[in-house]
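The structure appears below as structure tokens.
Fair warning: this is a prediction, and the values are worked out from it, not measured in the lab. Note that ligands are numbered from 1 as they come in the structure, with each ligand's atoms numbered from 1 the same way. The first residue of the sequence shown is numbered 1, and numbering continues consecutively from there.
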Amino acid sequence: MQKKYFQPEMETMPVEEIKKIQDEKLVKQVRYVYENVKYYRDLMDEKGVSPDDIKGTDDLYKLPFVKKDDLREAYPYGLLATDIRNCVRIQSTSGTTGKRVVAFYTQNDVDMWEDCCARAIVAAGGTEGDVCQVCYGYGLFTGGAGLHGGSHRVGCLTLPMSSGNTDRQIQFMMDLNSTILCCTPSYAAYIGETLREKGYKPEDNKLKAGIFGAEPWTEEMRRDIEKTLGIKAYDIYGLTELSGPGVAFECEAQTGMHINEDHFLAEVINPETGEVLPIGSKGELVFTSLDKEAFPLLRYRTRDICVLSREKCSCGRTFLKMTKPLGRSDDMMIIRGVNVFPSQIEAVLLNSGYEANYQIIVDRVNNTDTFDINVEMKQDDFTDIPGAITKKEKELQNAMKAMLGINPKIHLVTPKSIERSEGKAVRVIDKRKRLGINV
Ligand code: DLL
């Protein structure tokens, strides 16, 4: 049966009631964190704030911020709030200079996360009659696991494809009549293009909706994907630290993503000063989890820049809306859906005996991100033995792949050929900006 909401009692709750629930949950979550996580206790003690000072969401500003660096410092167990025996899952994302962010989940945490993804699927028109093809990566990345769990909850027939092997994706899509496609927008565009090349028209597939996120994309790209696949394309946002996809999701209005406010409390701050900005201002998105058990986060700085809105939505949902991320307040790049920091690349170069003279060039060609790194050889490495440089490039590529999880194209260039800068070195040239992508 077609449902409009997965959990209507929460998703359409009057705003004053949402605030009341958030007030109550925040008080509990802060006390829980203070009592169970030494790292937080120390941060709060240092700031002179105790759980008694937090009587509701209006007191949120009193709490210290937490950043990715804190997660790194506390790796792997430092922010765990429960006995490891209560945890049933970890997921992970790449972090700066090799240390990954590892997020832990109890069964309740997984249930909450999957509910959030189920809300997104139902908002995109999903029902138990749908065939949901999940081609986000499965494994440590949260995309596959999150949408997979959500699809089960809705009762869709779930195709756990993971990413890649486009011919097989298309074969299953056609033979098993997939109606919902979940993947990164660039992969959706690539699938669309491949279908077209194979001679399929949009009406030849049974797809009706796509749930696309994990990387920046534009309205132009949305229109393009909708046209080539003959679907409605919905945005979905999330981050591993908070659970994964489903922190926010788009509804039929396609005008921003509803934040699952009964689980995640959102603020926007000035990234320079930390000052909390009024709703409607552009700033860095900060999240506080409200009912997580294993890996709760208080005032976590996402580094994603966006604008929040409390305007009434035509879909009937009352949850706050966020715009697409409009950029980042740090230097993280998202390449083929994978988070990459220049510092990781630099670490590999230095560990492999190169100097920090390099340039990263990212572009999007035929809807796929290209990723090239020019690296200067040292004078002694310069050789004209045939194949020697190609061999070194391959070695460096393997080291990069091991660190980043994706394969850049390495170009060893002659010493002193990368332009030196007198100010801040221009390490990254992201040509995707020309496509209007908010990198
Ligand atoms: O990308 C979780 C996810 C999976 C979201 C599948 C949506 C779909 P991480 O790998 O931890 O988690 O990366 C989180 O990706 O801080 C944003 O910068 C970016 N991001 C996520 N969703 C979107 C989106 C997953 N819809 C980081 N638009 C976040 C733009 C997004 N950027």
Salt bridge present between E226 and K232 (N-O < 4.0 angstrom): no
Please assess D69 against K67 for the test salt bridge (charged side-chain N to carboxylate O under 4.0 Å, His left out), listing each intermediate value before the final yes or no. CA-CA 5 Å; D69 277 352; K67 305 199 201 79; over 6 Å; no
Scan the side chains in residues 396-409 for donor-acceptor partners under 3.5 Å anywhere in the protein, sequence neighbours excluded, and list what turns up.
unit_1: Q397; atom_1: OE1; unit_2: K394; atom_2: NZ; d: 2.9
unit_1: Q397; atom_1: NE2; unit_2: P408; atom_2: O; d: 2.8

Any protein N/O atoms within less than 3.5 Å of an N/O atom in ligand 1? List the atom names and distances, or say none.
unit_1: ligand 1; atom_1: 10 (O); unit_2: N339; atom_2: ND2; d: 3.4
unit_1: ligand 1; atom_1: 11 (O); unit_2: T240; atom_2: N; d: 3.0
unit_1: ligand 1; atom_1: 11 (O); unit_2: T240; atom_2: OG1; d: 2.6
unit_1: ligand 1; atom_1: 13 (O); unit_2: N339; atom_2: ND2; d: 3.2
unit_1: ligand 1; atom_1: 16 (O); unit_2: D304; atom_2: OD2; d: 2.6
unit_1: ligand 1; atom_1: 16 (O); unit_2: R328; atom_2: NH1; d: 3.4
unit_1: ligand 1; atom_1: 18 (O); unit_2: D304; atom_2: OD1; d: 2.6
unit_1: ligand 1; atom_1: 18 (O); unit_2: D304; atom_2: OD2; d: 3.4
unit_1: ligand 1; atom_1: 18 (O); unit_2: R328; atom_2: NH1; d: 3.1
unit_1: ligand 1; atom_1: 22 (N); unit_2: A214; atom_2: N; d: 3.2
unit_1: ligand 1; atom_1: 26 (N); unit_2: D235; atom_2: OD1; d: 2.8
unit_1: ligand 1; atom_1: 26 (N); unit_2: I236; atom_2: O; d: 2.7
unit_1: ligand 1; atom_1: 28 (N); unit_2: E215; atom_2: O; d: 3.2

Identify every side-chain donor-acceptor pair in residues 177-184 under 3.5 Å, counting partners at least two apart or on other chains, and give the distances.
unit_1: S178; atom_1: OG; unit_2: Q133; atom_2: OE1; d: 2.6
unit_1: T179; atom_1: OG1; unit_2: D130; atom_2: OD1; d: 2.6
unit_1: T179; atom_1: OG1; unit_2: V131; atom_2: N; d: 2.9
unit_1: T179; atom_1: OG1; unit_2: V131; atom_2: O; d: 3.2
unit_1: T184; atom_1: OG1; unit_2: Y187; atom_2: N; d: 3.3

D59: what forms a side chain to side chain contact (heavy atoms under 4.5 Å, CB included) with it, not counting sequence neighbours? I54, K55, K62
Take R196 and E193 through the salt bridge (charged side-chain N to carboxylate O under 4.0 Å, His left out) test and state the conclusion after the steps. CA-CA 5 Å; R196 199 168 44 205; E193 202 179 275; 5.0 Å; no
